Amino acid sequence: MSYVHYSALSLIRHGLSGQRYWPRLWRDAQPKASYDVLIVGGGGHGLATAYYLAAEHGLRNIAVIEKGWLGGGNVARNTAIVRSNYLLPESSSLYDRALRLWESMAHDLNYNVMFSQRGVVTLAHTEHDLLKVRQRVEANRANGVESEFLDLPALKRFVPILNTDRNVRFPILGASLQRTAGIARHDAVTWGYARALQRLGVDIIQNCEVNGFDVERGRIKGVRTTRGAILAQKVCLSVSGHSSILAAMAGFRLPITTRVLQAFVSEPVKPLLDTVVMSSTLHIYVSQSDKGEMVFGLAPDRYPGYGPTGSFHILEQSMRNVCAYFPMLRRLRMMRQWSGIIDASADGSPILGKTPVDGLYINTGWGSGGFKATPAAGWVMAHTIARDEPHALNAPFSLDRFRTGHLMDELGAGAVAH
Ligand code: FAD
Ligand code: PYC
C-alpha cells in the first residue's frame, strides 16, 4: 500500500463524502494455514515485535493475531507516560533504548505518534522518599540516563500549579525530573505500526482468539484459535494481562499477578500543565493531553483480578489527593473512567525471552509500566525470535531468573506500587 499524503483539499473531500473513500491504513487479513512467526496479541508490543521482525530481520511470513480489535487492550488504555529513570543498569539500558526509539519513531514509521518530551516529575513526600529520589537520580546519572533533582523552589518554578504548602497530609519535599521523558499518543502508535506492517506484508488478524497450543515433543507446532488451527514455526505471546492464562494453556506457570489499573480524564480545559507529575506515595499521576483533557492515573486494585472496572475507593482516594495537590482542578468535571488488566511480575521487571516450550517466546510482566518500553520490547523480542537467543539488552530479563534467583528488583520504580 502506498503512502497517502492528505492535502487540505482531500481532507475537505473526505469530510464531505462522510469519509466513504478514506483509504484504510491496514487490511484485516484472513488467517493462512501456516506462518513462520505468529505474534499473539495486537497491542503495541505485539505490533512492534512484528514490525522489527519484518523491517530488521527480513521475515515476511508473519501474522499478528488479536482476539478483539487492534489496540483494544492496554496500549489504548494507558496514560502514555514514557520515561527511562529506572534504578538498575540493566533496566535503565532497556528503557533508555526505548526512549531513543521513541525519539525516532515518527520518522521511522512516517506517522506522527505525537511524542512530546515535556518532562516527567516524580514527587518526594517524606525523608525516605527524598532519599530514594536522590538515589534514583544518582543511579540514573551513573548509568548515563538524564535525570536531575529539584528542590522545592525549583519544583514550584517548574510546576507552578502544584500545591507545595506544608498544610497537606504528605507535604512535598522535592522531586526528580527527567526532562527527556514525556508522553505519546497511544492510538497513533498502534496505527503507525499497523500501517507499517501492512506495507511490509505482515498479516493483521482481528477477532481471532488463541485458545490452545499444538506442542509436539516440547516444540511449538502452532496455535488453535476461534477461527481454526494455524501452524507456525515460532510463536510469541504478547498478551499483557492475559499472559498467565495463555501460559497455562501451553503448560507452564508464570510469576505474574494480574491486577486492575484505572485511569480517567476530565473535560478539556486551556493549557495549564506542560509536564507530567507522578507520585507513587499518593498513587497519582497527572498530565494534560493535547486536546486539553486532564489525564489522571490511579493505583491498581489491591487484590488480583480480571474485573472490567476497578474499585471505587481507589478512584475516590486518588481524586482526594489530586484535589489536595492541584487545588485549581477541584471544579473540573470528569468525562471518562476506564481500566486495564496488568501483568505484574514478582520483581517488578518484565519477562522477555524463551519459555519452557521450544519456539514459544514470551513478553510479559510490565505491570503498570510497559507502554514506555513498547519499541524496545518489540526490538529485543524480534532479535530473540529471529536468532533464537536473547539480545544483551533482554538477556537479564529471562523467565529463568525466577528459578536461578537472579532477580531484577525494580519494585520501587513503577509509577504506582504493585
Ligand atoms: P495490550 O495492548 O494489552 O496488548 C495485548 C493484546 O493481547 C490485547 O489487545 C488483547 O486483546 C490480546 N489478547 C489477549 N489474549 C489473547 C488471546 N487469547 N488471543 C489473541 N489475543 C489476545 N505504561 C507506561 O509505560 N506508562 C503509562 O503511563 C502507563 N499507564 C497505564 C495506565 C493504565 C490504566 C493501564 C491499564 C496500563 C498502563 N501502562 C502504562 C501499562 C501499559 O499500558 C502496558 O504495560 C502495555 O500497554 C502492555 O503491552 P501491550 O500494549 O502490547 O498490551
Ligand atoms: O510507568 O511511568 C509509568 C507509569 C505512569 C503511569 C502508569 N505507569
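Since the model is a prediction, treat every value here as computed from it, not as a measurement. Counting convention: from 1, in listed order, for ligands and their atoms alike. Excluded from the calculations below are hydrogen atoms, water molecules and symmetry mates; all remaining heavy atoms, backbone and side chain alike, are included.
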Could you list the donor-acceptor pairs under 3.5 angstrom formed between side-chain atoms of residues 33-44 and any protein atom two or more places apart in sequence or on another chain?
unit_1, atom_1, unit_2, atom_2, d
Tyr35, OH, Lys32, N, 3.1
Tyr35, OH, Asp203, OD2, 2.6

For ligand 1, protein residues within the heavy-atom limit of under 4.0 Å are Val40, Gly41, Gly42, Gly43, Gly44, His45, Ile65, Glu66, Lys67, Gly73, Asn74, Val75, Arg77, Asn78, Thr79, Ala80, Ile81, Cys208, Glu209, Val210, Ser238, Val239, Ser240, His242, Leu246, Leu261, Gln262, Ala263, Gly340, Ile342, Trp366, Gly367, Ser368, Gly369, Gly370, Phe371, Lys372
Can Thr404 and His406 be counted as having a side-chain donor-acceptor contact under 3.5 angstrom? yes
Any idea which atoms of ligand 2 are less than 4.0 Å away from a heavy-atom of Ser368? 1 (O), 4 (C), 7 (C), 8 (N)
Using 4.0 Å as the upper bound for N to carboxylate O, is an ion pair formed by Asp358 and Lys234? no
Taking only heavy atoms of Gly369, which atoms of ligand 2 are found under 4.0 Å from at least one of them? 1 (O)
Tell me whether the count of non-hydrogen atoms from other residues, nucleotides or ligands lying under 6.0 Å of CH2 in Trp69 goes above 12. no
Residues, nucleotides or ligands: over 12 heavy atoms within 6.0 Å of Arg169 CZ: no
Looking at Ser279 and Ile284, would you say the former's side chain and the latter's main chain have a donor-acceptor pair under 3.5 Å? no
Polar side-chain atom of Ser266 near backbone of Met294 as donor-acceptor pair, under 3.5 Å: yes
Indicate the atoms forming the closest heavy-atom contact of Phe213 with Arg224, along with that distance. O-NH2, 3.5 Å
Heavy-atom contacts with Arg83 under 4.0 Å: which atoms of ligand 2 show up? List them by number with element. 1 (O), 2 (O), 3 (C)
Should you measure from each heavy atom of Lys372, which atoms of ligand 2 turn up under 4.0 Å away? 1 (O), 2 (O), 3 (C)
Looking only at distance, does Tyr285 have an N or O less than 3.5 Å from an N or O of ligand 2? no
